[in-house]
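Shown next, in structure tokens, is the structure this report addresses.
None of these values were measured; they are calculated from a predicted model.
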Amino acid sequence: MGETIRFGVSMDSDLVELLDRLTREGNHDNRSETLRTLVRNEIIAKGIEDDDREVIGTMTLLYHHKTRLPRVSIAPYPSVSIKANFLFHVEGEICAKILIIKGTGREVQAWARKLLNSTNIIGKLSFTATDELYRELVKS
């Protein structure tokens, strides 16, 4: 972990109020923790913009239990691998499937789009830090 460096930040009072609200709502101990989280999230967002960089994604799908999920092969996407696949009933007849996917940003998004655009399925793909970004971020 790197050395802690203190520095001053000047902000408009309205922006500081919003920062304080983010701090409270995010259950951060202080403004510094909130700023660190915001910086990390921005670094992750910039890191996954590179379509050829490796990413780790989580895809959540919700659907009626009688809905047949399409079988979308990962074979055309050589970088894509499914690291985990969870399926459970949320309530009644609604199922949830959570997939953890690793691969290049371009290929993960192309593969996921085929599932996310299916009829009667509601879903979302989210990205988090890659191995490389994680190692970089835990230093800070």
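A 6.0 Å sphere centred on CD1 of Ile122 holds no more than 12 heavy atoms belonging to other residues, nucleotides or ligands.
Every side chain to side chain donor-acceptor pair (under 3.5 Å) that Ser79 has, sequence neighbours left out, goes to Thr104, Glu107. A search for side chain to side chain contact (heavy atoms under 4.5 Å, CB included) contacts involving Val72 returns Pro70, Trp111, Lys114, Leu115, not counting sequence neighbours. Judged as a side chain to side chain contact (heavy atoms under 4.5 Å, CB included), and not counting sequence neighbours, Thr119 has no contacts. Not counting sequence neighbours, Asp29 has no partner by the side chain to side chain contact (heavy atoms under 4.5 Å, CB included) test.
Sorted by first and then second residue, the side chain to side chain donor-acceptor pair (under 3.5 Å) pairs involving residues 12-28 (not counting sequence neighbours) are Asp20-Arg31, Thr23-Thr34. Listed by first then second residue, pairs satisfying side chain to side chain donor-acceptor pair (under 3.5 Å) with a partner in residues 55-65 read His64-Glu93, not counting sequence neighbours.
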Checklist line | Derivation and outcome, side chain to side chain contact (heavy atoms under 4.5 Å, CB included), residues Val108 and Tyr77 | finding: CA-CA 8 Å; Val108 167; Tyr77 310 98; over 6 Å; no
Check: Could you walk me through whether Val80 and Ile101 pass the side chain to side chain contact (heavy atoms under 4.5 Å, CB included) check?
Finding: CA-CA 7 Å; Val80 173; Ile101 312 150; 3.7 Å; yes
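No option in Ile100, Ile98, Leu125 other than Leu125 meets the side-chain contact (heavy atoms from CB on, under 4.5 Å) test with Met59.
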Using atom types as modelled, flag every donor-acceptor pair under 3.5 Å from a side chain in residues 4-11 to any protein atom, sequence neighbours excluded.
none

Sequence neighbours left out, cut at 3.5 Å: what donor-acceptor pairs do the side chains of residues 82-91 make with other protein atoms?
residue	atom	partner	partner atom	Å
Asn85	OD1	Lys97	NZ	3.0

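In this structure, the separation between CD1 on Ile74 and OG on Ser81 is 6.5 Å, given to the nearest 0.5 Å. Leu61 contributes atom CG, which lies 8.5 Å from atom OG of Ser118 (distance to the nearest 0.5 angstrom). To the nearest 0.5 Å, the span separating CG on Leu116 from CD1 on Ile121 amounts to 8.5 Å.
When all heavy atoms of Ser73 and Ala75 are compared, the closest pair comes out as OG-N, 3.0 Å.
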